[in-house]
Amino acid sequence: MTARPDLHDSAFLRATRGEPVPHTPVWFMRQAGRSLPEYLKVREGVGMLESCMNPELVVEITMQPVRRYGVDAAIFFSDIVLPLKAVGVDLDIKPGVGPVVAEPVRTLADVEAIPDLTPDDVPFITEAVRGLVGELGATPLIGFAGAPFTVASYLVEGGPSKEHARTKAMMFGAPDVWDALMRKISGISAAYLEVQVAAGASAVQLFDSWAGALTPRDYETHVMPHSARVLERAGALGVPRIHFGVGTSNLLTLMGEAGADVVGVDWRTPLASAVPLVGDRAVQGNLDPTLVFAPTDVMTARAGEVIEAGRAAKGHVFNLGHGVIPSTDPDQLKRLTEFVQTYPL
Ligand code: 1CP
């Protein structure tokens with residue numbers, strides 16, 4: 001059912017299904033980006049959103065870490081707010097800040113003013129994914145979208161936030177507006193994933209980076225049903241679904257139940273504690289991203305512990321427990337990749 005049946009037996013896709021693998025597959029969240037000198041070079045004078053809408057640049061940037069590290073999967077170069085931009089929301093991604101929304105969403109009328117996403121809004125995504133699938137050969141491509149809560153936070157706060165206070169105020173105080181907003185975003189995120197898979201992506205990851213701001217009760221009541229709708233639509237495409245959040249040790253069971261095939265675990269939760277919480281699902285993670293700044297033998301010893309803990313899971317995809325930190329030495333990530341891929345299973 002996937003666009004690339006020839007990749008079915010890649011180590012990455014086998015691990016997502018919990019099948020035996022020749023080696024533990026490894027990729028890194030934010031493997032493309034500011035840690036790579038070749039990324040900084042091609043981005044010179046080109047804005048973040050402009051880059052995401054330029055298929056040639058997206059192909060080049062997505063390929064850079066694959067060439068350099070030989071990772072087992074590529075992650076599509078884009079951003080979780082790109083589909084909002086594509087439907088006409090006035091936003092920018094500011095260097096050193098992140099996504100900034102000109103007119104934050106506060107009322108039902110604000111929500112209703114946001115159009116739904118159709119493939120015609122993102123022809124450059126289809127073109128970039130098609131180009132990539134050709135270039136990647138035997139390496140699967142992971143498409144991604146933002147989960148409704150995390151995307152809602154940018155829309156409601158108007159930019160990055162630590163407390164997500166206005167977002168949660170809407171969730172607690174204006175349930176009808178909240179429900180409409182979450183339905184709107186879940187439709188956009190699901191449609192965005194469908195476009196990527198239709199063009200050839202072999203797996204998808206739903207990023208709920210800020211879900212750790214929620215109690216299990218509020219996650220389950222106000223957020224999970226909306227993420228579940230996105231994951232259900234992605235599931236109908238026949239590709240594995242990875243569901244990742246930060247600071248979510250008390251949400252891992254629910255995040256699995258939301259419809260994930262693979263639960264992404266951030267670095268704060270020991271992988272061994274996470275495995276029993278996700279039940280009959282694979283896990284992804286979760287080396288502390290700062291360990292790449294440690295001496296190589298310290299980093300690899302910890303990576304070995306992560307791989308050992310992953311043996312208890314249905315399947316294990318090695319990753320960092322959040323994105324690559326921009327000051328990371330790429331040579332150290334190269335050593336980490338080789339260590340994971342040659343670790344005896
Ligand atoms: O100019 C630049 O280089 C800007 C930095 C940057 C990059 C490289 C941003 C702004 N986005 C991206 C790309 C990006 N964003 C990818 C690329 C693929 C890869 O991994 O190689 C992905 C998967 C994302 C997803 C994303 N964007 C998330 C979820 C993942 C996570 O890190 O938790 C989030 C929360 C965003 C919002 C965002 N976009 C950019 C920044 C700096 C932020 C975070 C801002 C904040 O702290 O709220």
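All of these numbers come straight from a predicted model, not from anything done at the bench. Remember, it's 1-based here, ligands and their atoms both numbered in the order they're listed.
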> For D179, is there an ion pair with R183 - N to carboxylate O distance below 4.0 angstrom?
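Salt bridge flag = yes for D179 with R183.
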> Just jot down the ligand 1 atoms closer than 4.0 angstrom to any heavy atom of R43, in number order.
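Those atoms are 1 (O), 2 (C), 3 (O).
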> Can you name the residues that form a side chain to side chain donor-acceptor pair (under 3.5 Å) with R68, not counting sequence neighbours?
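R68 satisfies side chain to side chain donor-acceptor pair (under 3.5 Å) with E38 only.
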> Has V97 got any heavy atom lying under 4.0 angstrom from an atom of ligand 1?
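Yes; V97 lies near enough to ligand 1 that a heavy-atom distance drops under 4.0 Å.
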> Out of H322, Q205, E157, who is nearest to atom 32 (O) of ligand 1 when you count heavy atoms only?
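Answer by nearest heavy atom: H322.
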> Compute the shortest N/O to N/O distance between F207 and ligand 1 and return yes if it is under 3.5 Å, no if not.
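So ligand 1 has no N or O lying under 3.5 Å from an N or O of F207.
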> Salt bridge or not for E232 and R229, using N-O below 4.0 Å?
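No, this pair does not count.
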> To the nearest 0.1 Å, how far is atom 7 (C) of ligand 1 from its closest protein heavy atom, and which atom is that?
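So the nearest neighbour among protein heavy atoms is M48 CE, 3.5 Å.
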> For ligand 1, which atoms have a heavy atom of M29 less than 4.0 angstrom away?
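Selected atoms, number and element: 20 (O).
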> For G131 versus V59, what's the shortest heavy-atom pair and its separation?
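Looking at all heavy atoms of both residues, the closest pair is C-CG2, 4.2 Å.
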> In the protein, what heavy atom is nearest to atom 10 (C) of ligand 1, and what distance, to one decimal place, separates them?
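Going atom by atom, the protein heavy atom closest to atom 10 (C) of ligand 1 ends up being I93 CG2, 3.4 Å.
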> Which heavy atom in P330 sits nearest to a heavy atom in Y69, and how many Å separate them?
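Closest heavy-atom pair between P330 and Y69: O-CE2, 3.2 Å.
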> Return the option from S51, G33, S78 holding the heavy atom at the smallest distance from atom 17 (C) of ligand 1.
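Checking each option, the heavy atom nearest atom 17 (C) of ligand 1 is found in S78.
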> Can D9 and R14 be counted as an ion pair, charged N to O under 4.0 angstrom?
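So D9 pairs with R14 through a salt bridge.
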> So do S10 and L13 actually touch side chain to side chain, heavy atoms under 4.5 Å?
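Yes - at least one pair of side-chain heavy atoms lies under 4.5 Å apart.
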> Just to be sure I read this right, does ligand 1 sit under 4.0 Å from the backbone of R30, its side chain, both, or neither, counting only heavy atoms?
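The answer is both, backbone and side chain.
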> For the 3.5 Å polar cut-off, considering only N or O atoms, please tell me whether W210 and ligand 1 meet it.
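No: no nitrogen or oxygen of W210 is under 3.5 Å from one in ligand 1.
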> For ligand 1, is there an atom lying under 4.0 Å from some heavy atom of G159?
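Heavy atoms of G159 never come under 4.0 Å of ligand 1.
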> Among T62, D79, L40, whose heavy atom sits nearest atom 15 (N) of ligand 1?
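Nearest heavy atom to atom 15 (N) of ligand 1 lies in D79.
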> So F77 and S51, do their side chains get closer than 4.5 Å, heavy atoms only?
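Of all side-chain heavy-atom pairs linking F77 with S51, at least one is under 4.5 Å.
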> G323 near ligand 1, heavy-atom distance under 4.0 Å?
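In this structure, G323 fails to qualify as a contact of ligand 1 - no heavy atom is under 4.0 Å.
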> For atom 41 (C) of ligand 1, what's the nearest protein heavy-atom neighbour? Residue, atom name and distance, please.
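Answer, as residue, atom name and distance: G98 CA, 3.8 Å.
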> Which protein heavy atom lies closest to atom 44 (C) of ligand 1, and at what distance to 0.1 Å?
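The protein heavy atom lying closest is Y154 OH, 3.5 Å.
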> What is the closest protein heavy atom to atom 29 (C) of ligand 1, and at what distance does it sit?
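In this structure, atom 29 (C) of ligand 1 has S209 OG, 3.2 Å as its nearest protein heavy atom.
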> Can you tell me the protein heavy atom closest to atom 21 (O) of ligand 1 and the distance?
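Result for atom 21 (O) of ligand 1: A32 N, 3.0 Å.
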> Name all residues meeting the side chain to side chain donor-acceptor pair (under 3.5 Å) criterion together with T342; count only those two or more places apart in sequence or in a different chain, and write none if there are none.
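By the side chain to side chain donor-acceptor pair (under 3.5 Å) rule, T342 matches no residue at all.
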> Does the distance from a Lys or Arg side-chain N to an Asp or Glu carboxylate O, for E60 and R67, drop under 4.0 Å?
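The answer is yes: the pair qualifies as a salt bridge.
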> Salt bridge check, K184 against D116: does any charged N sit closer than 4.0 Å to a carboxylate O?
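Counted as a salt bridge, because a side-chain N and a carboxylate O are separated by less than 4.0 Å.
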> Looking only at protein heavy atoms, which one is nearest to atom 34 (C) of ligand 1, and what is the separation?
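Answer, as residue, atom name and distance: I80 CD1, 3.6 Å.
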> Please list the nearest protein heavy atom to atom 38 (C) of ligand 1 with its residue and the distance rounded to 0.1 Å.
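Minimum-distance protein heavy atom for atom 38 (C) of ligand 1 reads P99 CD, 3.5 Å.
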> Which residue from F76, Y39, F144 reaches closest to atom 3 (O) of ligand 1 through any of its heavy atoms?
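Nearest option to atom 3 (O) of ligand 1, by heavy atoms: Y39.
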> Given side chains that start at C-beta, do those of R241 and V262 come closer than 4.5 Å, heavy atoms only?
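No, side chains not in contact.
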